Structures are given as structure tokens and as C-alpha cells.
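Side-chain atoms are counted along with the backbone in the values below, which use heavy atoms only and exclude waters and symmetry mates. Since the model is a prediction, treat every value here as computed from it, not as a measurement.
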Amino acid sequence: FGYFRLIFIIRYMKTISAQLRKAAAKLLFPDNSYCAVCKRLLFSGDIPLCEKCAGKITPPSERVCGSCKGVILPHEFFCANCSPLKEVFASSFCYTDYDETSKRFIREFKYNGYSQAAVYAGRLIAKEMHKEVLHNRADMVLCVPISEKKRAERGYNQADLIAREISRICNIMYPGDVIRMKRMPEDQIGKNFEERRENVRDLFEVPENIEVEGKRILLIDDVVTTASTLTACATPFRERKALSVSFAVYAAAKFALESD
């Protein structure tokens with residue numbers, strides 16, 4: 001009994017120690033004081049990236065569809081000619097590729113509490129959308145929700161922070177983080193395409209007081225891999241006769257969904 005009690009105490013102290021280290025780091029190095037990618041200290045400005053790491057974040061590369069061999073433009077996620085996603089989404093927008101730099105950047109605001117990095121991701125998306133005049137294709141911005149457990153752990157929904165910044169810069173209506181989950185899904189990490197799709201099937205609902213009929217909806221998330229979650233999120237809007245549903249994300253994985 002004494003041995004197991006000792007193990008419990010050691011583990012408890014490790015947890016407390018980790019929390020204290022995180023709190024101390026926040027006190028000594030508040031948001032915007034270090035680069036979200038390389039952790040280098042920043043001494044001025046409101047950008048959570050050093051100049052070197054900011055230069056590594058570039059638009060997605062142009063690629064060729066695995067099915068029809070058509071060109072998929074840099075900021076688009078799927079082939080507009082043959083992908084099954086074209087039956088769900090009017091358009092897609094991805095600011096950058098989900099490469100090692102983007103993974104580190106997203107990890108900071110998704111798991112390490114660097115909320116200002118999420119706001120900056122929204123700013124990057126919004127400015128590029130303005131440049132491409134894509135903001136005129138939406139009447140309402142909505143964010144992909146996260147579970148209450150994840151919200152409690154992080155203190156916020158990162159997609160909500162991104163959506164708020166896009167709404168502010170592009171002047172698109174944002175009713176808030178209102179999409180709800182009907183149940184608690186399993187984590188999508190480690191699942192293949194079919195497993196991801198089944199895991200989120202009929203998962204989301206939109207409150208009746210949110211008027212979506214005849215509106216062009218723009219869904220916002222931080223990253224897209226197979227688009228299973230975004231597709232499930234689009235379902236209630238299509239059922240409620242939204243004019244169209246599109247999505248915009250910070251980073252897109254190189255997942256050849258158009259060749260499935």
C-alpha cells in the first residue's frame with residue numbers, strides 16, 4: 001500500500017510541477033513575446049512569429065488532381081472538376097500547407113494556450129481572402145465546434161478565435177460559436193478516411209434561431225485533412241436550405257481526396 005501511495009504522490013507532484021512551469025512561462029513570456037514556431041524571444045510587434053519563421057509560411061503549392069489530371073489552384077483544397085466534395089462545398093480556401101512549420105504554429109494555439117497565434121492565423125486568412133475578393137462570397141461565418149472537454153482544457157475554441165478575426169476584417173456576420181455537437185465523438189487522430197467520416201456522421205446541429213436559409217455560409221477551422229468534420233458540419237446547413245456552404249482553414253494536409 002505504501003508503494004502505490006508513493007507512486008500516486010510522485011505522479012501528482014509531476015502534474016503540479018508541469019502546471020507551475022506552464023504558469024511561470026505565461027508570467028515570464030506572455031503571448032506575443034516568443035515565436036510560436038521556434039520559441040525565439042520577440043521584443044516588439046504584435047506578430048507571434050519571428051521574421052525567419054514568418055518567411056517559411058507560404059501559400060499551398062499548385063498540384064494535379066489524381067483522377068482527372070486537372071490543376072488544383074494553390075489556395076484550394078479539392079478538385080473542382082471531379083472531387084465528391086464539390087457536391088457539398090461551393091468553394092474552399094486554405095492559407096498554407098500543413099507542413100512542419102504550420103504544425104508547430106498550430107500546436108502552440110491548440111495545445112499550449114497561445115491564443116494570439118490563433119487570432120493571427122485568422123488575420124492571415126482574412127487578408128488573403130480580401131486580396132482574392134473571396135470575402136464577397138459569404139453572408140455568414142461560422143466556426144467548427146470542439147467538445148466541452150477540449151474547450152475546458154484550452155480555455156477557448158481556436159476556430160472561434162480565427163472566425164472572429166475573419167469576421168472583423170472581412171465584415172461578414174458572425175453569430176458566435178453556436179454550432180453544437182449532439183454527442184461526444186471519438187478523437188479523429190489516427191483514424192482513416194472511412195473511420196473519420198463515420199465518427200462525425202450526423203454529429204452537428206444548428207440552433208433554430210440562426211437564420212441560414214438562402215445564405216452563403218463560410219465554415220472556419222484551423223486545419224483540414226480529409227474534410228470529414230467539415231462535411232458533417234455542412235450537413236445541417238444544407239438541410240436548412242442554405243444557398244451554399246464553403247470553408248476556409250489556416251492549413252491543409254496533402255490528402256488526395258480528389259483521387260478517391
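Taking every heavy atom of both residues into account, Y34 and Y114 meet most closely at O-OH, 2.7 Å. Closest approach of D202 to K182, counting heavy atoms only: OD1-NZ, 2.8 Å. Summarising the geometry of D221 relative to A159, their closest heavy-atom pair is OD1-CB, 3.8 Å, with the distance given to 0.1 Å. Closest non-hydrogen pair, C35 versus C38, comes out as SG-N, 3.5 Å. Shortest non-hydrogen contact noted between G70 and N81 is CA-ND2, 4.5 Å. Across every non-hydrogen atom of E211 and M140, the tightest pair is O-CE, 3.3 Å.
R201 meets the salt bridge (charged side-chain N to carboxylate O under 4.0 Å, His left out) test with E198; sequence neighbours excluded.
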Salt bridge (charged side-chain N to carboxylate O under 4.0 Å, His left out) for R104 and E108? Distances and angles first, verdict last.
CA-CA 6 Å; R104 292 181 181 180; E108 282 303 301; over 6 Å; no

Determine whether C79 and S67 satisfy the following criterion, side chain to side chain contact (heavy atoms under 4.5 Å, CB included), listing intermediate values before the conclusion.
CA-CA 9 Å; C79 177; S67 295; over 6 Å; no

Derivation and outcome, side chain to side chain contact (heavy atoms under 4.5 Å, CB included), residues Y174 and D160:
CA-CA 10 Å; Y174 179 56; D160 172 51; 2.5 Å; yes

Given side chain to side chain contact (heavy atoms under 4.5 Å, CB included), test R137 with S246 step by step and report yes or no.
CA-CA 9 Å; R137 300 181 190 176; S246 301; 5.9 Å; no

Using the side chain to side chain contact (heavy atoms under 4.5 Å, CB included) rule, take F204 and R180 through it: C-alpha gap first, then chi angles, then the decisive distance, then the call.
CA-CA 6 Å; F204 303 103; R180 293 290 172 256; over 6 Å; no

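The aromatic ring centres of F105 and Y250 sit less than 6.0 Å apart. Ring pair Y120/F109: centre-to-centre distance not below 6.0 Å.
Although no hydrogens or angles enter the test, the distance criterion places no donor-acceptor pair under 3.5 Å between the side chain of Y95 and the main chain of I57. A donor-acceptor pair under 3.5 Å links the side-chain atoms of R154 to the main chain of K110, judged by distance alone. A donor-acceptor pair under 3.5 Å is absent between the side-chain atoms of T96 and the main chain of A251, judged by distance alone. Checking side-chain atoms of D97 against main-chain N and O of D99 turns up no donor-acceptor pair under 3.5 Å. The backbone N or O of F77 lies less than 3.5 Å from a partner atom in the side chain of S92, making a donor-acceptor pair. Put simply, the side chain of R216 never gets that close to the backbone of A90: no donor and acceptor are under 3.5 Å apart. Between the side chain of S167 and the backbone N or O of I172, at least one donor-acceptor pair lies under 3.5 Å.
Between C53 atom SG and K39 atom NZ the span is 9.0 Å, to the nearest 0.5 Å. For the atom pair NE2 of H130 and CG of N171, the computed distance is 8.0 Å after rounding to the nearest 0.5 Å. The structure places CG of L230 at 9.0 Å from CG of L85, a figure rounded to the nearest 0.5 Å. To the nearest 0.5 Å, atoms CD1 (I220) and CZ (R164) are separated by 13.0 Å. If you take CD on E76 and CZ on F93, they are separated by 10.5 Å, rounding to the nearest 0.5 Å. The CD1 atom of I125 lies 9.0 Å from the CG atom of D222; values are rounded to the nearest 0.5 Å.
With salt bridges taken as basic N to acidic carboxylate O contacts below 4.0 Å, one links R123 and E165. In summary, K150 and E153 do not engage in a salt bridge, as defined by a charged side-chain N under 4.0 Å from a carboxylate O.
You'll find the side chain of V223 stays beyond 4.5 Å of the side chain of V249, heavy atoms only. Two residues are said to be in side-chain contact when any heavy atoms from C-beta on lie closer than 4.5 Å; C143 and I179 fail this criterion. Residues I106 and Y98 are in side-chain contact: their nearest non-hydrogen atoms beyond the backbone lie under 4.5 Å apart.
Residue K127 qualifies as open at atom NZ: its count of foreign heavy atoms under 6.0 Å is 12 or below. Heavy-atom contacts from other residues, nucleotides or ligands closer than 6.0 Å to CD of E51 number 12 or fewer.
I146 and V178 are assigned to two separate hydrophobic clusters, defined by single-linkage of ILVMFWY side chains at heavy-atom distances under 4.5 Å. M173 and I217 fall within a single hydrophobic cluster, where Ile, Leu, Val, Met, Phe, Trp and Tyr are joined by side-chain heavy atoms under 4.5 Å apart, directly or via other members. Grouping the Ile, Leu, Val, Met, Phe, Trp and Tyr side chains by contacts below 4.5 angstrom, directly or via other members, places V119 apart from I169.
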